[in-house]
Number of protein chains: 2
Amino acid sequence: MAKKPTVYDVAERAGVSIATVSFTFTQPHRVRESTREAVLDAARALGYLPSASARGLARGKTGAIGLFSFDYFGRSSTEAARNAAVRTARGPGQASHDWDSLFSDEANKDFRLFPLYHDEVQRGVEMECRRRGYVLMIGEGHGASTEADIAEIAGRVDGLAVFPNTLPGEILRRISKRIPVVELSNPAEDNRLHRVSVENAGGMALLTEHLIQHHGLRHITFVGPEGSPDREHRFRGYAEAMSVAGLDIRTLPRSGPTDPAADVDRTIHRLRASGHLPQAFVCAVDAEALLYMDALARAGISVPGQVAVTGFDGLVAGLVSRPTLTTIRQPMVELGSTAASILIDEVTKPSPAPVVKELPVKLMVRESCGCGV
Amino acid sequence: MAKKPTVYDVAERAGVSIATVSFTFTQPHRVRESTREAVLDAARALGYLPSASARGLARGKTGAIGLFSFDYFGRSSTEAARNAAVRTARGPGQASHDWDSLFSDEANKDFRLFPLYHDEVQRGVEMECRRRGYVLMIGEGHGASTEADIAEIAGRVDGLAVFPNTLPGEILRRISKRIPVVELSNPAEDNRLHRVSVENAGGMALLTEHLIQHHGLRHITFVGPEGSPDREHRFRGYAEAMSVAGLDIRTLPRSGPTDPAADVDRTIHRLRASGHLPQAFVCAVDAEALLYMDALARAGISVPGQVAVTGFDGLVAGLVSRPTLTTIRQPMVELGSTAASILIDEVTKPSPAPVVKELPVKLMVRESCGCGV
DNA sequence: AGCTTCCATCTATGCGCTTTGATTGAACCC
DNA sequence: GGGTTCAATCAAAGCGCATAGATGGAAGCT
């Protein structure tokens with residue numbers, strides 16, 4: 001690691017001023033061909049690479065977009081996907097703790113075995129950044145990220161995309177005064193950030209209507225972990241479709257994030273005991289649906305024979321599960337690329353008002369609703 | 001986007017010098033409690049965030065690690081995983097072009113549906129970076145990346161991890177003079193980069209021995225796309241195990257990357273016609289194994305009944321395929337975290353010689369070799 | 001020839017921060 | 001009380017680059 005060469009070194013070797021060196025890299029047309037060659041030769045010979053820090057400082061822009069994502073440990077959705085994979089791979093008879101024996105690497109538990117929601121979104125961001133000549137900086141956080149964590153990212157990008165519930169609202173508001181911030185969900189509060197979301201309500205209404213009209217179901221219960229704005233919007237779609245059809249709206253709480261599988265087992269048991277098992281569980285997210293399919297299988301209840309189950313997201317896990325999962329697929333990659341696009345536009349030319357986009361979703365009719373079995 | 005506040009603004013508001021502001025953020029113990037509070041209050045009031053560019057320039061380090069990865073379009077391994085997913089989801093009778101109808105988003109073809117090799121490695125890099133207080137910068141490339149592409153990344157990180165075949169060797173060598181570079185594979189040439197790889201030869205030997213000793217197979221053919229150093233090392237392991245057992249070494253070329261499925265179909269057809277179908281195909285990578293399992297199924301040949309198939313990598317796709325794939329699992333997450341770790345160590349305290357690590361692999365005995373069916 | 005234009009290049013400044021070495025008081029000691 | 005120490009703070013010098021404005025010279029025009 002020899003001392004890093006700078007514009008000064010290149011300029012000296014090429015016999016020009018540093019301005020000329022800078023120009024040959026940033027505005028080649030302003031430099032005569034012959035001198036340009038000389039500069040490039042010198043740069044090559046010295047192994048020169050422009051320092052992004054200096055460049056960013058001088059220009060007042062970094063040329064990078066940040067994505068603030070989850071950290072991956074202990075998230076229940078990840079758990080659910082893990083379990084789904086095990087069930088699929090080993091058949092319903094196998095307990096899910098077999099997982100570790102499949103992939104165990106003592107020092108290296110592998111928590112991430114399906115491309116989940118945020119993975120696909122990240123891919124979209126990457127693609128758009130690349131297309132527009134930006135680079136991507138990845139940060140990870142959890143609700144309680146410290147100021148320092150986030151400054152580490154926010155200080156080095158021109159725009160920031162964040163998943164919901166990864167950063168405290170107050171910090172987000174502060175950051176958004178300096179750089180554009182786009183949030184990837186329906187609004188939890190009116191914080192005037194840029195925003196890209198999907199047709200949560202419309203999609204869920206569509207799905208619910210499918211169960212009502214195509215399958216003639218009437219006892220349909222909505223389930224799913226509370227606390228996310230997306231969940232509320234989806235519930236609204238379900239509720240609307242049920243009202244229109246003159247059906248009762250029913251929803252079940254979840255006691256908590258500890259051992260969700262056992263929690264769902266208890267719920268199923270209680271419902272069956274009281275004779276109130278619904279004809280369908282409409283779940284707020286795929287991960288929850290997989291959890292319910294698992295629990296129903298354990299209880300010896302056939303899906304979709306006795307009870308239908310649906311999800312929302314469109315994870316690959318729902319495509320390889322048995323039965324395959326009827327769900328609403330979000331355009332996750334597009335979600336990411338749209339977010340990046342908004343940010344880059346804002347960097348270039350700020351708009352006075354927050355940009356809000358809602359992307360269409362798509363009903364994926366598969367087996368778990370009772371179709372095609 | 002009001003004018004971004006700087007140390008000067010904070011210093012003025014807090015009634016101190018900029019040095020004191022800097023110290024309260026970087027060496028809090030050096031400033032008196034009361035002034036520290038004053039500075040932090042001022043910073044909060046102004047919405048101050050330190051500029052990473054300025055900081056990087058002043059410190060001579062950026063605090064970021066780069067990962068140079070593939071771009072995702074048109075890669076055959078991705079194709080193979082896609083097809084495996086379809087086969088799994090729809091049963092062997094369904095053609096794989098059904099895929100698009102499953103997930104179609106006109107404007108947004110979704111090429112990335114399983115966590116492939118590089119996804120898992122990336123996760124490892126992310127984890128280690130986070131643990132050590134670095135941020136991650138993602139770049140994507142293809143063999144022909146321009147100098148400018150790569151400078152964009154290399155100029156803004158303290159260390160760079162690269163997948164093999166993503167950057168021309170000469171550029172890599174140049175970059176490695178300025179910042180540590182670690183390559184994620186066995187060496188293609190002796191370029192004196194840092195390196196982390198896995199026991200390619202040993203793992204493949206182990207797998208081959210399993211087929212020979214446990215299943216008593218004797219006609220075993222090695223297949224897999226050429227051109228990667230990893231492939232060569234794996235072939236060596238296979239060849240050694242065969243030699244030790246006194247068996248013939250056989251390998252099949254692949255005609256090219258265009259329509260690999262048809263290519264494999266032809267290969268199978270030709271082998272069967274000539275009566276030389278082997279008892280097992282030992283594949284250099286999981287993706288290739290999935291391709292062979294597909295082709296064999298299309299030809300009406302039972303796996304593992306008539307022919308065994310094995311892979312190498314340990315992708316999730318091989319866990320959900322039918323039959324499940326016997327393979328060698330690489331510790332991919334650990335591969336990534338080790339790479340990041342090497343880089344960060346080098347940034348802190350450069351070592352005189354290239355650091356080379358080889359990680360252990362693990363034999364995953366599943367169904368496609370003939371076990372447990 | 002004398003004028004203007006225009007192009008290629010250079011000089012000089014500043015981007016926001018870190019860090020060294022200097023300065024100032026206050027506390028301490030004999 | 002004079003000298004010593006130490007903690008807290010500050011002034012100033014870069015870090016490597018972009019860029020506005022200055023400069024000089026060649027070409028074009030009358």
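In what follows, chains carry the letters A, B, and so on, assigned in the order in which the sequence lines appear, proteins first and then strands, with residues in each chain numbered from 1. Values reported hereafter were calculated over all heavy atoms of this structure, with side chains retained and with hydrogens, waters and symmetry mates removed.
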**Q.** N or O in side chain of B:Ser51 less than 4.0 angstrom from C:dC15 OP1/OP2
**A.** no
Q) Can you tell me if the side-chain N/O atoms of B:Ser17 get under 4.0 Å from OP1 or OP2 in D:dC10? A)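 Answer yes for this pair, as a side-chain N or O of B:Ser17 is under 4.0 Å from OP1 or OP2.
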Atom-pair distance ([atom1] on [X]; [atom2] on [N]), nearest Å:
X: A:Asp9; N: D:dC15; atom1: CG; atom2: P; result: 11 Å
X: A:His29; N: C:dA8; atom1: NE2; atom2: C1'; result: 12 Å
X: A:Arg36; N: C:dA8; atom1: CZ; atom2: P; result: 10 Å
X: B:Arg156; N: D:dG16; atom1: CZ; atom2: C1'; result: 14 Å
X: A:Lys61; N: D:dA18; atom1: NZ; atom2: P; result: 15 Å
X: B:Glu37; N: D:dA8; atom1: CD; atom2: P; result: 15 Å
X: B:Arg55; N: D:dG16; atom1: CZ; atom2: P; result: 18 Å
X: B:Leu49; N: C:dG16; atom1: CG; atom2: C1'; result: 13 Å

Quick check for you: among [options], whose closest atom lies nearest to any side-chain atom of [X]?
X: A:Arg32; options: C:dC17, D:dA8, C:dT9; result: C:dT9
X: B:Ala19; options: D:dA11, C:dC17, D:dT19; result: D:dA11
X: B:Ala58; options: C:dT20, D:dC15, D:dT19; result: D:dC15
X: A:Pro50; options: D:dG21, D:dC17, D:dA18; result: D:dC17
X: A:Ile18; options: D:dT9, C:dT18, D:dC17; result: D:dC17
X: A:Leu57; options: C:dC15, D:dC17, C:dG21; result: C:dC15

Is there side-chain contact between [X] and [Y], with heavy atoms separated by less than 4.5 Å?
X: B:Lys4; Y: A:Ile179; value: yes
X: A:Val21; Y: A:Tyr8; value: no
X: A:Arg156; Y: B:Val135; value: yes

Q.
Does this structure show an ion pair linking B:Asp345 with B:Arg132, if we count only N-O contacts that are shorter than 4.0 Å?
A. yes
Classify the nucleic acid contact of [X] as base, sugar-phosphate or nothing, counting any heavy atom under 4.0 Å across all strands shown.
X: B:Ser22; result: base
X: B:Val16; result: sugar-phosphate
X: B:Val31; result: sugar-phosphate
X: A:Ser53; result: nothing

Q) Is there a donor in the side chain of B:Ser69 and an acceptor in the side chain of B:Gln122, or the other way round, less than 3.5 Å apart? A)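 There is no such pair (donor and acceptor under 3.5 Å, judged by atom type) between the side chains of B:Ser69 and B:Gln122.
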Q: Say whether B:Asp158 and B:Thr62, considering side chains only, have a donor N or O and an acceptor N or O under 3.5 Å apart.
A: yes
Q: Report yes if a donor N or O on one partner sits less than 3.5 Å from an acceptor N or O on the other, where the partners are the side chain of B:Tyr8 and the base of C:dC17; otherwise report no.
A: yes
Q: Would you kindly compare B:Ser34 and A:Val21 by the position of their nearest DNA chain D nucleotide and give the one closer to the 5′ end?
A: B:Ser34
Q: Using heavy atoms to find the nearest nucleotide of DNA chain C for B:Phe23 and A:Arg59 separately, return the residue whose nucleotide is more 5′.
A: A:Arg59
